[in-house]
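All remarks here apply to the structure that follows.
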Amino acid sequence: MFLQSIKSLFTRNMGIILKSRDQIEGIRESCYLAAETLDMITPFVKEGENTARLNQLIDEFIRDNDAIPATVGYRGYKYASCISLNEVVCHGVPHKDVVIKDGDILNIDVTTILDGFFGDNSRMYMVGNVSPEAKNLVDVSKKCLDIGIRQCYPGNFVGNIGYEIANYAEAQGYSVVYEFCGHGVGIRFHEDPDVAHIAEKDSGDIMRPGMTFTIEPMINEGKSRTKIDRKDGWTARTIDGKLSAQWEHTLLITKEGVEVLTDIHNEYPKPLKLI
Ligand code: MF3
Ligand code: CO
Ligand code: CO
């Protein structure tokens with residue numbers, strides 16, 4: 001989401017919402033569907049497919065499951081997903097002329113609204129013969145998400161997520177996008193707090209049980225700055241045209257640590273005990 005502009009919307013500046021047991025159940029269901037959507041689309045992500053077609057399949061799947069794609073109509077965005085290829089950092093607009101090629105890396109980002117609750121996640125997909133450099137970027141960006149998740153437990157500072165992510169990414173020779181960040185999610189699409197992916201140690205809000213938010217690091221091969229496509233007003237590309245990669249999960253802070261709500265393959269222990 002947008003770091004600055006979004007703060008003016010009435011859905012923000014409400015402070016952090018600690019979710020009730022019932023709200024958590026609703027968010028959990030929506031997160032499950034958001035992750036299932038990314039599973040569903042996996043076999044279709046191949047050479048020759050265009051991103052408008054992938055988006056259409058995503059839109060249908062979400063609606064067939066009695067949910068609504070949160071991005072449709074969001075600040076004028078028209079599609080059920082963002083599909084961001086290669087040098088596109090985020091908010092890639094699906095289009096029939098954007099055709100997947102051998103060697104591409106791409107992010108698909110899906111947010112569902114199920115019974116009024118929001119679940120938000122994204123993954124990278126690698127198509128055919130991906131260069132070792134591109135694969136390394138994809139792997140490091142996934143590790144950045146995992147490093148961020150390890151900082152999620154009650155009493156820790158939200159800033160430590162970005163502090164640890166940036167430490168690692170920069171040590172690997174990459175840069176971290178600071179113009180977009182993670183966010184509270186669940187009752188609204190974008191809630192407080194902002195979850196920066198580069199931050200000072202021990203800065204920002206303190207995590208509490210019942211908080212739900214995303215971590216969604218965007219990691220660049222070259223410079224960290226982005227530019228928005230002048231024609232569509234959405235597609236954010238790296239300023240230097242080099243590759244970018246991103247992974248996103250929605251998380252719940254629990255009494256003892258964190259639960260990765262969009263992890264439907266039990267990659268992370270449930271709940272993950274970190275204290
Ligand atoms: N799902 C994105 C996020 O992770 C937001 C997309 S907003 C859109 O925050 F309007 F571009 F779809
Ligand atoms: Co998000
Ligand atoms: Co998202």
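Quick note: numbers below take in every heavy atom, side chains included, and nothing from hydrogens, waters or symmetry partners. Note that the numbering runs from 1 along the sequence shown for the chain. Note that ligands are numbered from 1 as they come in the structure, with each ligand's atoms numbered from 1 the same way.
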* To do: For the Co ion (ligand 2), find the closest N/O/S atom belonging to D120 and write down its atom name.
  =>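 Going by distance to the Co ion (ligand 2), the closest N, O or S atom in D120 is OD2.
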* Asked: Can you name the N/O/S atom of E248 that is nearest the Co ion (ligand 2)?
  ->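 That would be atom OE2.
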* Using the six-membered ring wherever Trp is involved, compare the ring planes of Y74 and H190 and label them parallel, tilted or perpendicular (cut-offs 30° and 60°). =>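 Plane angle between 30° and 60°, so tilted.
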* To do: Verify side-chain contact (heavy atoms from CB on, under 4.5 Å) between L33 and E36, making sure each step is shown before the conclusion.
  => CA-CA 5 Å; L33 177 60; E36 279 186 313; 3.9 Å; yes
Distance under 4.0 Å to a non-hydrogen atom of [X]: what atoms of ligand 1 satisfy this?
X	answer
D120	1 (N), 3 (C), 4 (O), 9 (O)
T111	1 (N)
W234	8 (C), 10 (F), 11 (F)

Give a yes or no on whether a salt bridge exists between [X] and [Y], defined as a side-chain N under 4.0 angstrom from a carboxylate O.
X	Y	answer
R150	D146	no
R123	D39	yes
K143	D139	no

At under 4.0 Å between heavy atoms, which part of [X] makes contact with ligand 1: side chain, backbone, both or neither?
X	result
Y79	neither
E216	side chain
A70	neither
T214	neither

* L251 reachable from I147 in the ILVMFWY side-chain graph, under 4.5 Å edges ->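 Yes, I147 and L251 fall within the same hydrophobic cluster.
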* What distance do I58 atom CD1 and Y79 atom OH have between them, rounded to the nearest 0.5 Å? -> 13.5 Å
* Asked: Taking the side chain from T214 and the backbone from H183, do they hold a donor-acceptor pair closer than 3.5 Å?
  ->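 Side chain of T214 to backbone of H183, a donor-acceptor pair under 3.5 Å: yes, one is there.
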* Could you tell me whether the side chain of E221 and the main chain of K242 form a donor-acceptor pair under 3.5 Å? => no
* Taking side chain as C-beta onward, heavy atoms only, is D104 less than 4.5 Å from Y125? -> no
* May I ask you to test the I219-Y168 pair for a side-chain heavy-atom distance under 4.5 Å? => no
Going by distance only, is there an N or O of [X] that falls short of 3.5 Å from an N or O of ligand 1?
X	answer
E248	yes
D109	yes
Y77	no
Y74	no

* Would you mind naming the N, O or S atom of D109 nearest to the Co ion (ligand 3)? => OD1
* Touching ligand 1 at all, H91? Heavy atoms, strictly under 4.0 Å? ->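 The answer is yes, since H91 has a heavy atom less than 4.0 Å from ligand 1.
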* **Residue E216, metal the Co ion (ligand 3), N/O/S under 2.8 Å** =>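 Looking at E216, which is the residue asked about, there is no N, O or S atom under 2.8 Å from the Co ion (ligand 3).
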* **N, O or S from H183 under 2.8 Å to the Co ion (ligand 2)** =>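 Yes, since at least one N, O or S atom of H183 sits under 2.8 Å from the Co ion (ligand 2).
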